[in-house]
Amino acid sequence: MALRAVAEAEAGKFRCGLIAIVGRPNVGKSTLVNRLVGARVTITSPKAQTTRHRVNGIVTNADTQFVFVDTPGFQTKHRSRLNDRMNRTVTQSIADVDAAILVVEAGRTTDADRTVIRLLPAGTPALVAQNKLDRLKDRNALLPQMAELSALDRFAAIVPVSAEKGEGVQALVAEARKLLPVGEPLFDADAITDRDERFIAAEFVREKIFRLLGEEVPYATAVAIERFVHEGEMRRIEATVYVDRDNQRAILLGAGGAQMKALASAARADMERMFGGPVFLAVHVRVRRGWADDETLLARFGY
Ligand SMILES: Nc1nc2c(ncn2[C@@H]2O[C@H](COP(=O)(O)OP(=O)(O)OP(=O)(O)O)[C@@H](O)[C@H]2O)c(=O)[nH]1
Ligand SMILES: [Mg+2]
């Protein structure tokens with residue numbers, strides 16, 4: 001069948017597929033996934049390297065199921081086994097998807113972006129989202145970036161968006177649909193993520209650490225859920241935050257435990273909203289020197 005005939009025959013059919021969201025750290029990949037899904041399924045913060053896992057955000061409508069695969073920002077500096085794992089998560093994620101969306105910062109292409117472009121498998125159709133459009137004072141600044149990216153002859157479309165404000169996101173979704181194969185849904189129509197409450201609970205704690213603490217401590221922490229039980233309507237959750245050194249433990253706790261109290265209370269509020277019921281949350285802090293290079297601990301954190 002000629003290509004046009006195939007396209008026409010498939011036009012009205014249900015489509016479903018995985019779309020990896022990739023890019024350098026901090027360009028807004030997770031914010032975009034949350035915007036696409038309409039819920040906070042993956043954590044975000046102003047700091048680079050917030051995302052450490054692959055997380056699916058699922059959107060189902062009358063004719064399509066989109067499985068958006070959030071990935072860690074691709075690192076160009078390898079300093080630990082954790083960083084190696086995060087990069088491996090990116091390369092593995094893009095190896096088994098139907099399409100990819102490269103997220104760049106609107107108007108600014110860097111060498112780190114170019115490195116990510118080289119990682120995209122040749123046969124995988126891809127789009128570019130020029131994100132943070134709301135920050136651009138002059139939209140003409142989009143043009144040189146569009147020219148550079150379209151000259152690569154690699155992308156089916158280049159779409160300016162603001163993940164934060166929502167502008168352009170519907171246009172991106174329309175382009176993304178065109179890249180998906182005809183097929184039955186992989187997840188239930190009401191699913192928004194493939195991750196369970198235990199994972200989400202740990203991530204909400206980690207998000208608060210990234211948002212509330214300075215430049216050092218977030219990168220020295222990992223979170224494990226020790227206990228997650230239902231008691232009637234209530235979820236009783238015990239989390240342990242691992243840090244690398246004693247002084248980081250002190251910073252995390254804060255004077256009289258005030259920092260930890262604020263952190264746990266913000267994480268608990270998010271969990272209650274997401275899980276739709278009361279949560280009792282206890283957070284402990286433990287020092288484990290060198291955890292980011294310790295295979296056993298990394299496995300325990302799911303990295
Ligand atoms: N102004 C503006 N800020 C945005 C937009 N999208 C994301 N941000 C901000 O950019 C920062 C990084 O967002 P994330 O979604 O965590 O970025 P990421 O690419 O997932 O980062 P990593 O997981 O660390 O690789 C956050 O402070 C977001 O609020 C946008 O469209 N406009
Ligand atoms: Mg992220």
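Both ligands and their constituent atoms are indexed starting at 1 by order of listing.
- Taking the six-membered ring where the residue is Trp, Phe204 and Phe275 present parallel rings, their angle staying beneath 30° rather than reaching 60°.
- Checking side-chain atoms of Asn34 against main-chain N and O of Thr42 turns up a donor-acceptor pair under 3.5 Å.
- Both tests hold for Arg236 against Phe280: distance to the six-membered ring centre under 6.0 Å, angle to the ring axis within 45°.
- A distance-only check finds a donor-acceptor pair linking the side chain of Gln145 to the backbone of Gly107 [under 3.5 Å].
- Coordination check, Thr71 versus the Mg ion (ligand 2): failed, since every N/O/S atom of the residue sits at 2.8 Å or beyond.
- Sorted by chain and number, the heavy-atom contacts of ligand 1 below 4.0 Å come from Pro25, Asn26, Val27, Gly28, Lys29, Ser30, Thr31, Thr44, Ser45, Pro46, Lys47, Ala48, Gln49, Thr50, Thr51, Gly73, Asn131, Lys132, Asp134, Arg135, Ser162, Ala163, Glu164.
- Using cut-offs of 30° and 60° for the angle between ring planes, the Phe68 and Phe66 rings count as parallel.
- A 4.5 Å side-chain heavy-atom check between Arg235 and Pro278 finds every atom pair outside the cut-off.
- Coordination check, Thr42 versus the Mg ion (ligand 2): failed, since every N/O/S atom of the residue sits at 2.8 Å or beyond.
- Salt-bridge formation is not detected for the pair Asp246/Arg249: no Lys NZ or Arg NE/NH1/NH2 atom is positioned less than 4.0 Å from an Asp or Glu carboxylate oxygen.
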